[in-house]
Structures are given as C-alpha cells and as structure tokens.
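Everything below concerns the one structure shown next.
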Protein chains: 2
Amino acid sequence: MEIKVSAADTRAQIVEAADRLFYERGFEATTFGDIASATGLSRGNFYYHFRTKDEILDAVIALRLVNTSAMLASWERASPRPADRIRSFLEILIVNRTKIMGHGCPVGTLCTELSKLDHSAAMASTGLFTLFRDWLKLQFVALGRADEADALAMHALMRSQGVATLATAFKDEAFIRREVADLKAWLGAQAPKSS
Amino acid sequence: MEIKVSAADTRAQIVEAADRLFYERGFEATTFGDIASATGLSRGNFYYHFRTKDEILDAVIALRLVNTSAMLASWERASPRPADRIRSFLEILIVNRTKIMGHGCPVGTLCTELSKLDHSAAMASTGLFTLFRDWLKLQFVALGRADEADALAMHALMRSQGVATLATAFKDEAFIRREVADLKAWLGAQAPKSS
DNA sequence: GTCTATACCTCGATAGAC
DNA sequence: GTCTATCGAGGTATAGAC
C-alpha cells in the first residue's frame, strides 16, 4: 500500500501553517504569501482547497477545537484527581511561556481580533474558550463545588488570560511563574468546604 | 481675540479619531480612509501633519499617555485613601463595560497587536501599562505593603486584563460585575497585616 | 493648510495551462 | 491537483493645484 499524498494532506498542511501564522502574526496580518512561503505551495493552489481566506479561518478554528479537545482528554487520562487536572491547565502558562510572551494566548488574541473586526467567525472562536470553560467546570464539580463551578471555571480562565496579556507586554517570565504559583494556591483553597 | 483653527487643531483631530479607531478596529485594520471619514478631512492632508501611519500611532500612544496620567491624577484628587484610589481603577471595568465587551482593553489589545506585528512601537505601548503599574504600586506602598507593592500592582493589572479579554469573548456583563466584586474583596484583604 | 489626482504596491481572488 | 499569470480592489504615500 503506497503512501498517498492526497488533497487532504495538502489541505491539512495549509491549515496547520495558517494555524501557526494566525497565532504568531494575527489573522488579518497573515497573507496568502506568508502561507505559501511556509508550506512551499503556490498562492493559486489555495483556491482549490478553499474559496476564501475566511474559509481557511473556519478550518483553523475547527482544527483548534479538535486539538484542544484532545489536550483536555489527555489531561483527564493523565490525572484521575480534578485538582491535578486543573493544575495541568495552569501549567500551560509555563510550558508555553516563550510563545505566550511573543504572541499572547492563541485563543484570547484570536477572539479579541475577530471581535474588533466584527468578523462572522467571532462566535466560533469563542467556542474555543467554551471548551476550556466547560471542562474546567466539570473539574470543579468533581471537586465538590457544583454550585460555583462555572464561576470558578471563568475565574481560572480569566486569570490565565490576564497572565498571558501582561506576559506579552512585559516579557517577564518570573511574573508568569509567580502568578501560576498564586493560582495553584488559590486552587488549593477551593477544596470542598466540609470533607 | 479670534478663534484660530490652526494646524495644531487639525492634527489633534486626526490623533483623536485615530485613537478611537485604533481601539475599535485595531491599528492595522484602520485605514486612512477610515480616519478621513471620521474627521471629514482628506487622505492627502494627513501627510502634511504626519509622514507615515506609524507616526500617527506614535502620536496616539503619546496622547494616551497624557490622558492616562490625567485620569490617574484625577483619581488621586478624588480620594485621599489608597484603597479608594485602587477601587477607582477597578471601577473602570464597569464604567467602560460596553466598550470593553466590544473591543477589549485599549491598552492590552494594542500591546498584543503590536507585539504580534513585531512593531517598533510595541515597547512604547507597554509604557501605558507601566503608567498603571507604577501608580498602583504607589497606592499599595501607601497601603503599607511596600515589599509586595509591585507584585500586587501587577496582580491587579493582570486580573483587569483577564476580565477584559473574557468580557470581549463572552459579552457577559454579570461576569464583569462578579469579578470586580471579587477584586474588591481581594483588595480588602490586602490591608496592612498588623495595624 | 487642505485639497484632488495619482503613483505604486500588495492583497485576495480568478483564469487557464499543465 | 498544482502551477503561472493576471485581474481588480484597496492600501499607503506622493505631487502639485489652490
């Protein structure tokens, strides 16, 4: 059975390059020329796989939804305890610190850019946040905080976003580590009240 | 003494329109045509006052530095107590909630965009954050928390940024109010340990 | 100082050869 | 399925009349 370099492979190659470039430079600032250079494909070829640049954006968001879901699932497999799973979430600020100091959070910056552009895909990009929000909520429910689970999920998400934004502005790794430690302390204080 | 509509007035008009549009649509997405429509001036006229679009950005950042300093000074005049002054800072999330839900924080979104563009004015835009940071630090020093003042200032700034980003994504006013209340509770717990 | 006209470039998108 | 060539729109920036 021979290896088949099909249209699907080329399409995936385009989407993966666009995923990275939309993150690093922003959606609008990324040109077809940028994607062509990154993939080694010609500009014209993109239109065999997508009708417009917006369709590439849709595909990038769909890819991120899949990748994010897989990441959340891997955190669940890695840790049976909800507090450890939430710590996996908090750790990405440190794991991805270099990229974050350069380009912010991929989710937050995309949502903000699309909101400013009044882009039709703005709601779809918010779905990436919803993925994290719902998953965190489940962990807080498992922690015994069912009543406040959504507010706690939003709070954790909010602080991760704030850290990412200031880390991008100040390029301060020590700040990231300090705030992640603070978040872990906060998480530790969220254990069930009576147990 | 007659009213003199000088070049300085026209220049200020351009910068004020650019200030608003750079916030609402982003720096790159704002065109000279947008600024022309907003001011009623012609595109060509901009080049009498500025050599490039980047020079308009420099002027916008300079204007924001002045306006921000004035706002911080007004908060100092309004409240003698540092905790009340910090509360003035936290309140802007609620006062500006509509704009924030539409376009995020003017400072955070500009810093992030310029960072992604590798723009030479990125550092200058971070200066806007530094203004808040240093002012908040002074208030925490006055609160009797000299040792941790900068970390507390960054923490307050960080949470305001996180709230702005999620508010933009989810357009949730109740979330903003809840997190501001939470921030005020946090601030209340920052009173001097022994007094 | 402000305007109109336009140069020049780059972008997204299209047409058609291979 | 991928390429080259090119179009039309819209961007920044310039030239020169007023």
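Residue numbering restarts at 1 for every chain, and letters A, B, ... go by the order of the sequence lines.
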Give the nucleotide from the list [options] with an atom nearest to the side chain of [X].
| X | options | result |
| --- | --- | --- |
| A/Thr31 | C/dC3, C/dG12, D/dT2 | C/dG12 |
| B/Leu41 | C/dA13, D/dA13, C/dC3 | C/dC3 |
| B/Thr52 | D/dA13, C/dT2, D/dG1 | D/dA13 |

Base, sugar-phosphate, or nothing for [X], non-hydrogen atoms under 4.0 angstrom?
| X | answer |
| --- | --- |
| B/Phe32 | sugar-phosphate |
| A/Thr39 | nothing |
| B/Ser42 | base |
| B/Tyr47 | base |

Using a cut-off of strictly less than 4.0 Å, decide whether [X] has a side-chain nitrogen or oxygen near OP1 or OP2 of [N].
| X | N | value |
| --- | --- | --- |
| A/Thr10 | D/dT2 | yes |
| A/Tyr48 | D/dT2 | no |
| B/Asn45 | C/dC3 | yes |

State whether [X] and [Y] are salt-bridged, where the test is any N-O pair (Lys NZ or Arg NE/NH1/NH2 against Asp/Glu carboxylate O) under 4.0 Å.
| X | Y | value |
| --- | --- | --- |
| B/Arg25 | A/Asp118 | no |
| B/Asp134 | B/Lys137 | no |
| B/Glu24 | B/Arg20 | yes |

Could you state the atom-to-atom distance from [atom1] of [X] to [atom2] of [N] in whole Å?
| X | N | atom1 | atom2 | result |
| --- | --- | --- | --- | --- |
| B/Lys53 | D/dG10 | NZ | P | 16 Å |
| A/Asp54 | C/dC11 | CG | P | 17 Å |
| B/Gln13 | C/dG1 | CD | C1' | 13 Å |
| A/Arg43 | D/dT2 | CZ | C1' | 14 Å |

| remark: 5'-most contact on DNA chain C (nearest-nucleotide basis), A/Asp34 vs A/Arg51, goes to A/Asp34

| message | Let me check the geometry of the helix from C/dG1-D/dC18 to C/dC18-D/dG1. What is the bend angle between the axes at its two ends, five pairs each, to 10°? | response | 0°

| request: Would you please classify the geometry between the A/Phe32 ring and the A/Tyr47 ring as parallel, tilted or perpendicular, with 30° and 60° separating the classes? | output: parallel

| request: Using the rule that two of Ile, Leu, Val, Met, Phe, Trp, Tyr join whenever any of their side-chain heavy atoms come within less than 4.5 Å, decide whether B/Leu131 and B/Leu138 are in one cluster. | output: no

| Going by atom types only, do A/Lys171 and B/Thr126 share a side-chain donor-acceptor pair under 3.5 Å? | no

| field | Sequence-distant partners of A/Glu113, side-chain contact (heavy atoms from CB on, under 4.5 Å), two or more places apart | value |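 For A/Glu113 the side-chain contact (heavy atoms from CB on, under 4.5 Å) partners, ignoring immediate neighbours, are A/Phe27, A/Glu28, A/Leu117.
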
